[in-house]
Amino acid sequence: IALNVFGSRVLESMFAASEIKRKQAIAKELVQSERLLNDSPYGRIVWNNCKLQLFLNSEDEWLAQTSQNTKRKQMFQDILETNTEPTYAQ
């Protein structure tokens, strides 16, 4: 799925929307196909965007960075979701 333009976009969207445990499971599956992913232009994009080299080198560091990024996104999502409609003076 990660080797073509549409599948790679779907995979990245699923990865971005997933909780940390699901991201870890996806990463474990993807690193098993390291060579195949790196031989494909779309696979390389997935490899880089999911930070799979870091996962391969240090799963603990990948987990810490990914958790931190997820928390940041959630924090800003909360801010953006508290969208109040503007009031206009009449």
Measuring from atom CD of E29 to atom CG of L52, what distance do you get when rounded to the nearest 0.5 angstrom? 12.0 Å
Shortest non-hydrogen contact between K23 and T66, atoms and distance: CD-CG2, 3.7 Å
L63 CG to Q65 CD distance, which is reported to the nearest 0.5 Å: 10.5 Å
Backbone N/O of V5 and side chain of S8: donor-acceptor pair under 3.5 Å: yes
Does C50 offer a backbone N or O that forms a donor-acceptor pair with the side chain of W62 under 3.5 Å? yes
Non-hydrogen atoms of N38 and R44 that approach each other most closely: O-NH1, 2.6 Å
Closest heavy-atom pair, V31 versus F55, reported as atoms and distance to 0.1 Å, is CG1-CD2, 3.6 Å
Evaluate whether atom CZ of R22 has more than 12 neighbouring non-hydrogen atoms of other residues, nucleotides or ligands under 6.0 angstrom away. no
Taking I45 as the starting point, is it possible to reach M14 by hopping between hydrophobic residues whose side chains are less than 4.5 Å apart? no
W47 and L37 have their tightest heavy-atom pair at CE3-CD1, 3.8 Å
Output the distance between atom NZ (K28) and atom CG (L56), rounded to the nearest 0.5 Å. 12.5 Å
Show the nearest heavy-atom pair for residues S40 and L3, with the distance to one decimal. OG-O, 3.4 Å
Take Y42 and L11, measure what side chain to side chain contact (heavy atoms under 4.5 Å, CB included) needs, and give me the verdict at the end. CA-CA 11 Å; Y42 300 109; L11 182 63; over 6 Å; no
Just verifying a value: how many Å separate L54 CG and N48 CG, rounded to the nearest 0.5 Å? 12.0 Å
No-hydrogen, no-angle side-chain donor-acceptor test under 3.5 Å, N57 and Q53: yes
